[in-house]
Peer 1: 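Next up is a structure, given as structure tokens.
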Protein chains: 2
Amino acid sequence: MPDLKIQHILTLAELFTKGARYNFVPITTSSLGKSINKSQQAASKHLVELEASGYVERLRSGQRVSVRITNKGYAEMLKISSILKSSLESVPGHLEFKGTISSGMGEGAYYMSMKGYTKQFKTKLGYVPFPGTLNVKLKDKESIEAKRSLDAYPAIMVDGFSDGKRTYGWVKCYPAKINGINAALILLERTHHDDSIVELISEENIKKATNLSTGSKVTIRVPMGTKIAQN
Amino acid sequence: MPDLKIQHILTLAELFTKGARYNFVPITTSSLGKSINKSQQAASKHLVELEASGYVERLRSGQRVSVRITNKGYAEMLKISSILKSSLESVPGHLEFKGTISSGMGEGAYYMSMKGYTKQFKTKLGYVPFPGTLNVKLKDKESIEAKRSLDAYPAIMVDGFSDGKRTYGWVKCYPAKINGINAALILLERTHHDDSIVELISEENIKKATNLSTGSKVTIRVPMGTKIAQN
DNA sequence: ATTACTATCTCACGAGTAC
DNA sequence: TGTACTCGTGAGATAGTAA
């Protein structure tokens with residue numbers, strides 16, 4: 001049995017909205033054509049083909065034609081509709097980064113331990129992070145691209161501050177899991193890293209907790225809201 | 001801006017299920033082709049065209065290609081999906097019959113008043129019908145066809161019985177509204193009517209309640225469940 | 001193994017038109 | 001007014017193939 005042709009989908013949908021599920025509804029091919037942005041001839045052909053394949057039934061009274069959708073037609077539309085729907089819902093809901101643990105948990109430690117930051121971490125993240133950041137070197141283009149698009153998504157904003165001598169930039173925090181451990185991926189206003197490095201903070205010492213060391217492969221997942229942003 | 005071509009819908013859907021909403025996912029055109037029941041070349045062309053129209057982005061690392069769906073692509077898919085979904089939900093949910101009141105409320109009265117029936121009407125419909133049936137002559141093919149398909153839908157079954165002398169056939173009742181008045185359309189096992197006549201019973205005297213007389217136009221609606229039956 | 005070009009073919013669509 | 005035929009055009013698919 002030939003499947004429902006894809007170009008017939010909108011025609012069938014239009015018939016549904018016209019109420020043709022149970023009742024035969026009178027319809028002209030020219031109005032149908034307009035509804036689907038095709039010609040009268042195309043609409044006519046669609047109906048002929050849909051009938052031939054058993055997706056609709058037609059009834060003629062002289063010039064008047066009424067159309068009803070069969071159960072087969074209903075089932076087929078339901079199938080297509082749920083394929084689309086479930087594909088849209090199958091969104092994994094997270095951005096994924098793959099990389100390896102790089103160099104030191106050192107440089108960031110000093111800044112991240114400053115009171116101006118830790119106070120905010122406590123209230124906004126719910127914890128004061130372990131002193132030190134974990135640097136992960138992203139190894140593929142996909143992950144680097146993912147980091148770029150991260151910017152556009154809503155984050156927990158830790159504001160910058162001044163200690164009188166100098167100012168410290170803001171920190172965007174994205175709750176994340178790294179190899180299953182809760183953490184936060186952070187984007188810094190002032191960073192000395194290039195796009196291929198991401199930094200993470202966590203309540204615990206991630207290296208110890210996961211038994212990982214420099215060079216180990218890690219996967220970071222940042223759950224996404226249903227928000228639309230980016231490009 | 002050119003709308004999403006319908007032949008690209010399934011390709012996009014496939015990309016969604018592969019998780020390409022947020023992340024760039026690696027994919028080969030031949031596997032994609034298989035998934036959409038098209039050739040490798042067709043899949044390749046789809047990706048090229050989808051990218052050109054801004055529905056996806058691609059990332060190449062040598063031969064490896066990764067694909068991500070843009071917000072524009074997501075929005076477009078959402079649009080299509082909801083068009084289909086809402087068209088399926090716009091089912092009016094009733095079979096409609098148009099016709100005129102015909103001849104007598106007489107013939108049926110005797111049978112419908114028999115205890116073997118009235119007892120069942122009371123328990124199954126919740127009332128004992130006014131003695132007499134209302135006959136409606138269906139005037140268009142659509143309504144006659146609707147009557148035929150009614151058979152396939154679930155009904156309230158009033159069983160036949162015997163009074164010792166003879167047997168009386170079953171009666172299928174379909175709760176209905178006739179010009180807004182609650183009634184039941186009935187199909188009789190043994191009827192002397194042709195397909196163009198439907199009979200109705202009601203707790204009240206329909207003619208009086210609606211101020212209708214022989215020849216008046218009426219509209220009967222029989223609400224449908226979400227059941228699939230018929231052809 | 002890939003992607004994606006060119007050529008070819010098929011078929012969806014619209015124009016014209018019969019009824 | 002209608003529907004739906006034939007026919008020409010071009011979009012979309014596949015085959016073959018280069019890189």
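Being a predicted model, the structure only gives us computed values, none of them experimental. Convention: sequence-line order gives letters A, B, ...; per-chain numbering from 1.
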Peer 1: Please identify which of these residues, A/I178, A/N179, A/L95, meets the side-chain contact (heavy atoms from CB on, under 4.5 Å) condition with A/I220.
Peer 2: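 Only match with A/I220 under side-chain contact (heavy atoms from CB on, under 4.5 Å): A/I178.
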Peer 1: Of all the nucleotides listed (D/dT14, D/dT3, C/dT2), which has the minimum atom distance to the side chain of B/S30?
Peer 2: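 Given the options D/dT14, D/dT3, C/dT2, the side chain of B/S30 is closest to C/dT2.
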Peer 1: Return the value, rounded to whole Å, for the distance between atom CG of B/L4 and atom C1' of D/dG12.
Peer 2: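 Whole-Å distance recorded here is 15 Å.
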Peer 1: Grab the CD-C1' distance between B/Q40 and D/dG12 for me, whole Å please.
Peer 2: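 Distance, rounded to whole Å: 15 Å.
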Peer 1: Calculate the interatomic distance between B/K45 atom NZ and C/dT3 atom P; express it in whole Å.
Peer 2: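 The answer, rounded to whole Å, is 16 Å.
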Peer 1: Taking OP1 and OP2 of D/dT14, is either one under 4.0 Å from a side-chain nitrogen or oxygen of B/K38?
Peer 2: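 No.
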Peer 1: Heavy atoms only, 4.0 Å cut-off, all strands: where does A/Q41 land among base, sugar-phosphate and nothing?
Peer 2: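 Result for A/Q41 = base.
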Peer 1: So, is B/T29 close to the C/dT3 phosphate, meaning a side-chain N or O under 4.0 Å from OP1 or OP2?
Peer 2: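 True: B/T29 side-chain N/O within range (under 4.0 Å) of C/dT3 OP1/OP2.
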Peer 1: Quick one: label A/I27 by what it contacts on the DNA or RNA (base, sugar-phosphate, nothing), any heavy atom closer than 4.0 Å.
Peer 2: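 Result for A/I27 = sugar-phosphate.
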Peer 1: With a 4.5 Å heavy-atom cut-off, do B/Y55 and B/E76 have their side chains touching?
Peer 2: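 They are in side-chain contact.
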Peer 1: Does some side-chain heavy atom of B/M112 sit less than 4.5 Å from a side-chain heavy atom of B/V171?
Peer 2: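 Yes. Closest side-chain heavy atoms under 4.5 Å.
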Peer 1: Give a yes or no on whether B/D194 atom CG has more than 12 heavy-atom contacts from other residues, nucleotides or ligands under 6.0 Å away.
Peer 2: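 Enclosed: over 12 neighbouring heavy atoms sit under 6.0 Å from CG of B/D194.
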Peer 1: Among C/dA12, C/dA4, D/dA4, find the nucleotide with the atom closest to the side chain of B/V48.
Peer 2: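 Between C/dA12, C/dA4, D/dA4, the one nearest the side chain of B/V48 would be C/dA4.
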Peer 1: Report which part of the nucleic acid A/R60 touches: base, sugar-phosphate, or nothing (heavy-atom distance under 4.0 Å, all strands).
Peer 2: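 Sugar-phosphate: the residue A/R60, judged by heavy atoms under 4.0 Å, touches backbone atoms but no base.
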Peer 1: For a quick check of understanding: with a heavy-atom distance under 4.0 Å over all strands, which category does B/T28 fall into, base, sugar-phosphate or nothing?
Peer 2: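 Sugar-phosphate contact only - B/T28 comes under 4.0 Å of backbone atoms but never of a base.
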Peer 1: For B/E49 and D/dA11, what is the distance between atoms CD and P respectively, to the nearest whole Å?
Peer 2: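 These atoms are roughly 11 Å apart.
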Peer 1: Return the value, rounded to whole Å, for the distance between atom CG of A/L10 and atom C1' of C/dA12.
Peer 2: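 Roughly 14 Å, once rounded to whole Å.
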Peer 1: Using OP1 and OP2 only, check whether a side-chain N or O of B/H46 sits under 4.0 Å from D/dA13.
Peer 2: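 Looking at the OP1 and OP2 atoms of D/dA13, one of them is under 4.0 Å from a side-chain N or O of B/H46.
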Peer 1: May I have the distance from A/I36 (atom CD1) to C/dG14 (atom C1'), rounded to whole angstrom?
Peer 2: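 To the nearest whole Å, that distance equals 12 Å.
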Peer 1: Assign the ring pair A/Y74 / A/F16 to parallel, tilted or perpendicular, where the plane angle (0 to 90°) is split at 30° and 60°.
Peer 2: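 A/Y74 and A/F16: tilted rings.
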Peer 1: Specify the separation, in whole Å, of atom CG of A/L47 and atom P of D/dC5.
Peer 2: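 These atoms are roughly 12 Å apart.
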